[in-house]
*Asks:* 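A single structure is presented below for examination.
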Amino acid sequence: LAEIAGPGVIRHIWIAVADRTSAGPFVLRDLVLRAYWDGGEVPAVEVPLGDFFCNGFATRARVSSIPIVVAPTGGMNCYFPMPFRTGAKLTLESQHPGDLEHVFFQIDFTSGDEFPPDSGYFHAQWRRSDGDRELGDDHVILDDIEGPGTFIGTYFAITSLHRYWWGEGEVKFYIDDDDAYPTLCSTGLEDYAGGAWAFQDALRSNPPPQPITFSEPFFGYPFSSSTDRTEASPFAVEMPPMHGLYRWHLPDPVYFSNRLKVTVQQIGAWDHGLFERRDDIATTAYWYQASAAGSGHPLPSVEARRPR
């Protein structure tokens, strides 16, 4: 997509692609966006294209936030500043089984920028717990990060594999030497994403409550669905509920000096209390750190990334 000599800062990325082909409906999970800074060989960004733009499940959703905007017809925009000193390279790899006729894109950047020596490099990483963790085992959003750096956001694509409410798990930040207890701890996943009372029109059992999606500058719940709309099967379209939500730490960044680990519990709730869950959780973490190179955490294969 781009190969730029530095110094400079990527200011804006715009990409538009078809979200399906005759070979399958999961284009946005099959394409992989990567970024390399200053000649590095390990990508600092390695995320499925849709998830990077808060469009998980290989399904389009409208997003109207400060750093990520997805237009109603699928134009994907990113405004995270991405500084580099000697060079930048952005790539898009297709692991889709069919041919993509078009990829439209534009990369806007400034050149000759001057910034302090401690300015961090932009990073993003995708991880998935595919319903395969033990009960009580938290999903890891990010770990093995050596600072200093600044954590700036999370996107969640959650497929609910149990009945009842799915979002009671706490998001926990273990900063620097804190390991026994988190430095920062949310009161629940929907609270972390700026919501309350389960993202629905009322807390009631009859009639069934209706989810309310929203997209705001720094947090949102832009996607909710229990229906398969891929039209890739002649069978019934009901499916496990899917939930997409994000939180940007731009006014409230999370700083770390030498280490960072971020997790989220898998906890639900019903009339008889809280309970442990095993859901399908895919997350994208966004942060800046002093190192230009990525952590080397492997991106799962295209088969292991397939949405449920």
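These numbers were taken from a predicted model, which means no experiment stands behind them.
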*Asks:* Could you tell me whether Asp252 and Arg247 make a salt bridge, using a distance below 4.0 angstrom between a side-chain N and a carboxylate O?
*Replies:*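 Arg247 and Asp252: salt-bridged.
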*Asks:* Nearest heavy-atom pair of Gly268 and Arg277: which atoms, and what distance?
*Replies:*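 Result for this residue pair: N-CD, 3.3 Å.
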*Asks:* Keeping Ser119 on the side-chain end and Pro117 on the backbone end, is there a donor-acceptor pair under 3.5 Å?
*Replies:*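 No, the answer is negative, given that no donor and acceptor are paired below the 3.5 Å cut-off.
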*Asks:* So, for Thr283 and Ile281, which heavy atoms are closest and what is the spacing to 0.1 Å?
*Replies:*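 Closest heavy-atom pair between Thr283 and Ile281: CG2-CG2, 3.8 Å.
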*Asks:* Can you say whether the rings of His272 and Trp270 are parallel (under 30°), tilted (30 to 60°) or perpendicular (over 60°)?
*Replies:*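 The rings of His272 and Trp270 stand perpendicular, inter-plane angle above 60°.
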*Asks:* Is it the case that over 12 heavy atoms from other parts of the model lie below 6.0 angstrom from the CZ atom of Arg308?
*Replies:*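 Count over threshold, so yes.
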*Asks:* State which residues pass side chain to side chain donor-acceptor pair (under 3.5 Å) with Arg127; sequence neighbours excluded, sorted by chain then number.
*Replies:*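 Result, side chain to side chain donor-acceptor pair (under 3.5 Å) vs Arg127: Gln125, Asp143, His297.
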*Asks:* Determine which pairs satisfy ring-ring contact (aromatic ring centres under 6.0 Å, His included) with at least one residue from residues 6-26, sequence neighbours left out, and list them in order.
*Replies:*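 Found His12-Tyr79.
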*Asks:* Do we see a donor-acceptor contact under 3.5 Å between the side chains of Arg259 and Tyr174?
*Replies:*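 No pair is found: no donor N or O on one side chain lies under 3.5 Å from an acceptor on the other.
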*Asks:* State whether the side chain of Arg85 and the backbone N or O of Gly6 hold a donor-acceptor pair below 3.5 Å, judged by distance alone.
*Replies:*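 Side chain of Arg85 to backbone of Gly6: no pair is present.
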*Asks:* Go through it in stages, so that I can follow the logic: the residues are Tyr246 and Tyr155, the test is ring pair (Phe, Tyr, Trp, His ring centres under 6.0 Å), and I'd like the CA-CA distance, side-chain angles, deciding distance and then a yes or no.
*Replies:* CA-CA 4 Å; Tyr246 64 86; Tyr155 170 69; 7.6 Å; no
*Asks:* Without hydrogens or angle criteria, can the side chains of Ser186 and Asp191 be said to hold a donor-acceptor pair below 3.5 Å?
*Replies:*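 No, Asp191 and Ser186 have no side-chain donor paired with an acceptor closer than 3.5 Å.
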*Asks:* Provide the closest heavy-atom pair for Ala193 versus Leu245 in the form atom of the first, atom of the second, distance.
*Replies:*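 Looking at all heavy atoms of both residues, the shortest contact is CB-CD1, 3.6 Å.
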*Asks:* Can you find a heavy atom in the side chain of Leu31 that is under 4.5 Å from one in the side chain of Val17?
*Replies:*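 They are in side-chain contact.
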*Asks:* Take a 6.0 Å sphere around CZ of Arg62 and say whether it holds more than 12 heavy atoms from other residues, nucleotides or ligands.
*Replies:*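 Incorrect, the count does not exceed 12.
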*Asks:* I'd like to know if the side chain of His139 pairs up with that of Thr263 as donor and acceptor (distance under 3.5 Å, no hydrogens or angles considered).
*Replies:*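 Per modelled atom types, His139 and Thr263 side chains form no pair under 3.5 Å.
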*Asks:* What is the distance from atom CH2 of Trp197 to atom CG of Asp201, rounded to the nearest 0.5 Å?
*Replies:*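 The distance works out to 15.0 Å.
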*Asks:* Look up atom CD in Glu238 and atom OG in Ser226, then write down how far apart they are to the nearest 0.5 Å.
*Replies:*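 Output value for this atom pair is 9.5 Å.
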*Asks:* Given 3.5 Å as the limit, does a donor-acceptor pair link the side chain of Ser215 with the main chain of Ser64, or not?
*Replies:*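 Judged by distance alone, yes, a pair lies under 3.5 Å.
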*Asks:* Only one of Tyr286, Phe218, Tyr192 forms a ring pair (Phe, Tyr, Trp, His ring centres under 6.0 Å) with Trp248, so which one is it?
*Replies:*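 With Trp248 as partner, Tyr286, Phe218, Tyr192 yield a single ring pair (Phe, Tyr, Trp, His ring centres under 6.0 Å), made by Tyr286.
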*Asks:* Considering non-hydrogen atoms only, spot the tightest contact between Ile107 and Ala2 and give its length.
*Replies:*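 Looking at all heavy atoms of both residues, the closest pair is CG1-CB, 4.0 Å.
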*Asks:* Taking atom CG of Asp280 and atom CG of Leu161, what is their separation to the nearest 0.5 Å?
*Replies:*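 So the gap between those two atoms works out to 6.0 Å.
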*Asks:* Do the side chains of Arg278 and Asp132 get nearer than 4.5 Å, heavy atoms only?
*Replies:*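 They are not in contact (no side-chain heavy atoms under 4.5 Å apart), so the answer is no.
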*Asks:* Say whether Leu274 and Trp166 are linked into one hydrophobic cluster, either directly or through other cluster members, by side-chain heavy-atom distances under 4.5 angstrom.
*Replies:*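 In one cluster: no.
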*Asks:* Membership question, hydrophobic clusters at under 4.5 Å side-chain separation (ILVMFWY): are Tyr164 and Ile267 in the same one?
*Replies:*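 Not linked; separate clusters.
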*Asks:* Are there more than 12 heavy atoms of other residues, nucleotides or ligands under 6.0 Å from atom NZ of Lys172?
*Replies:*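 Counting other residues, nucleotides and ligands, NZ of Lys172 exceeds 12 neighbours.
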*Asks:* Assigning hydrophobic clusters by single linkage (Ile, Leu, Val, Met, Phe, Trp, Tyr; side-chain heavy-atom cutoff under 4.5 Å), is Ile4 placed with Met82?
*Replies:*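 Same cluster.
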*Asks:* Should we count CZ of Arg204 as having more than 12 external heavy atoms under 6.0 Å?
*Replies:*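 Yes - once you tally the heavy atoms of other residues, nucleotides and ligands closer than 6.0 Å, there are more than 12.
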*Asks:* Can a donor-acceptor pair be found between the side chains of Thr110 and Arg11 at a distance below 3.5 Å?
*Replies:*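 Yes, a side-chain donor-acceptor pair sits under 3.5 Å.
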*Asks:* If you count the non-hydrogen atoms of other residues, nucleotides and ligands that lie under 6.0 Å from CD in Glu93, is the total more than 12?
*Replies:*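 Counting neighbours around CD of Glu93, more than 12 heavy atoms of other residues, nucleotides or ligands fall under 6.0 Å, so yes.
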*Asks:* Of all residues at least two apart in sequence or in a different chain, which pass the side chain to side chain donor-acceptor pair (under 3.5 Å) check with Thr150?
*Replies:*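 Checked Thr150 against side chain to side chain donor-acceptor pair (under 3.5 Å); zero matches.
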*Asks:* Taking the side chain as C-beta and beyond, is there a heavy-atom pair between Val254 and Ile175 under 4.5 Å?
*Replies:*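 Answer yes - side chains close enough.
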*Asks:* Is the closest side-chain heavy-atom distance between Arg305 and Gln95 below 4.5 Å?
*Replies:*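 When only atoms from C-beta onward are counted, Gln95 and Arg305 do touch, with a gap below 4.5 Å.
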*Asks:* Out of curiosity, Leu33 CG to Thr91 OG1, how far, rounded to the nearest 0.5 Å?
*Replies:*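 Nearest 0.5 Å value for the CG-OG1 distance: 7.0 Å.
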*Asks:* If hydrophobic clusters are built from ILVMFWY residues whose side chains come within less than 4.5 Å, do Ile10 and Leu250 share one?
*Replies:*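 Linked within one cluster.
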*Asks:* Under the side-chain contact (heavy atoms from CB on, under 4.5 Å) criterion, do Thr159 and Asp279 qualify, and how do the steps go?
*Replies:* CA-CA 6 Å; Thr159 304; Asp279 288 321; over 6 Å; no
*Asks:* Go through the steps for Gln266 and Arg133 under the test side-chain contact (heavy atoms from CB on, under 4.5 Å), then give the verdict.
*Replies:* CA-CA 10 Å; Gln266 299 191 63; Arg133 305 187 78 88; 3.8 Å; yes
*Asks:* Please determine whether residues Phe53 and Ile66 belong to a single hydrophobic cluster, defined as Ile, Leu, Val, Met, Phe, Trp and Tyr linked transitively by side-chain heavy-atom distances below 4.5 Å.
*Replies:*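 Result: yes, single cluster for both.
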*Asks:* Just say parallel, tilted or perpendicular for the rings of Tyr221 and Phe199, cut-offs at 30° and 60°.
*Replies:*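 Answer is parallel, since the angle falls under 30°.
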*Asks:* With the side chain counted from C-beta on, respond yes when Leu135 and Asp137 share a heavy-atom pair under 4.5 Å apart, and no when they do not.
*Replies:*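 No, their side chains stay 4.5 Å or more apart.
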*Asks:* Measure the spacing between OH of Tyr255 and NE2 of His249 and express it to the nearest 0.5 Å.
*Replies:*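 Tyr255 OH to His249 NE2: 12.5 Å, rounded to 0.5 Å.
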*Asks:* If the plane angle is over 60° it's perpendicular, under 30° parallel, otherwise tilted; pick one for Trp37 and Phe84.
*Replies:*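 Parallel: the ring planes of Trp37 and Phe84 meet at under 30°.
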*Asks:* Nearest 0.5 angstrom please: Glu170 CD to Gln265 CD, how far?
*Replies:*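 The distance works out to 4.5 Å.
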*Asks:* Minimum heavy-atom separation for Ala282 and Arg29, please, with both atom names.
*Replies:*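 Residues Ala282 and Arg29, closest heavy atoms: CB-NH2, 4.3 Å.
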*Asks:* Please assess Val171 against Leu184 for the test side-chain contact (heavy atoms from CB on, under 4.5 Å), listing each intermediate value before the final yes or no.
*Replies:* CA-CA 8 Å; Val171 179; Leu184 304 172; over 6 Å; no
*Asks:* Looking at Thr230 and Pro25, what are the two nearest heavy atoms and their distance?
*Replies:*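 Looking at all heavy atoms of both residues, the closest pair is CB-CB, 3.7 Å.
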*Asks:* If we ignore hydrogens and angles and just use 3.5 Å, is the side chain of Glu41 paired with the main-chain N or O of Gly39 as donor and acceptor?
*Replies:*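 Side chain of Glu41 to backbone of Gly39: no pair is present.
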*Asks:* Within the distance-only criterion (no hydrogens, no angle test), does the side chain of Asp176 pair as donor or acceptor with the backbone N or O of Phe256 below 3.5 angstrom?
*Replies:*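 No; judged by distance alone, with no hydrogens or angles, the pair does not exist.
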*Asks:* Does Lys89 come within less than 4.0 Å of Glu3, counting only side-chain N to carboxylate O?
*Replies:*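 Answer for the salt bridge query: no.
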*Asks:* Given Tyr121 and His123, is the ring pair (Phe, Tyr, Trp, His ring centres under 6.0 Å) satisfied, shown in steps?
*Replies:* CA-CA 6 Å; Tyr121 293 90; His123 292 252; 7.3 Å; no
*Asks:* Any non-hydrogen side-chain atom of Ile145 less than 4.5 Å from a side-chain atom of Ser295?
*Replies:*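 Yes; the side chains approach each other to less than 4.5 Å.
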*Asks:* Evaluate the side-chain proximity of Phe105 to Leu92: yes if any heavy-atom separation is below 4.5 Å, no if none is.
*Replies:*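 A side-chain contact is absent here, since even the closest heavy-atom pair is not under 4.5 Å.
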*Asks:* Side chains of Phe173 and Phe151, heavy atoms from C-beta outward: is any pair under 4.5 Å?
*Replies:*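 They are in side-chain contact.
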*Asks:* Could you walk me through whether Leu28 and Arg60 pass side-chain contact (heavy atoms from CB on, under 4.5 Å), step by step?
*Replies:* CA-CA 8 Å; Leu28 296 181; Arg60 284 179 176 164; 4.1 Å; yes
*Asks:* Does a side chain donor of either His243 or Ser160 reach within less than 3.5 Å of an acceptor in the other side chain?
*Replies:*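 Side chains of His243 and Ser160: no pair found under 3.5 Å.
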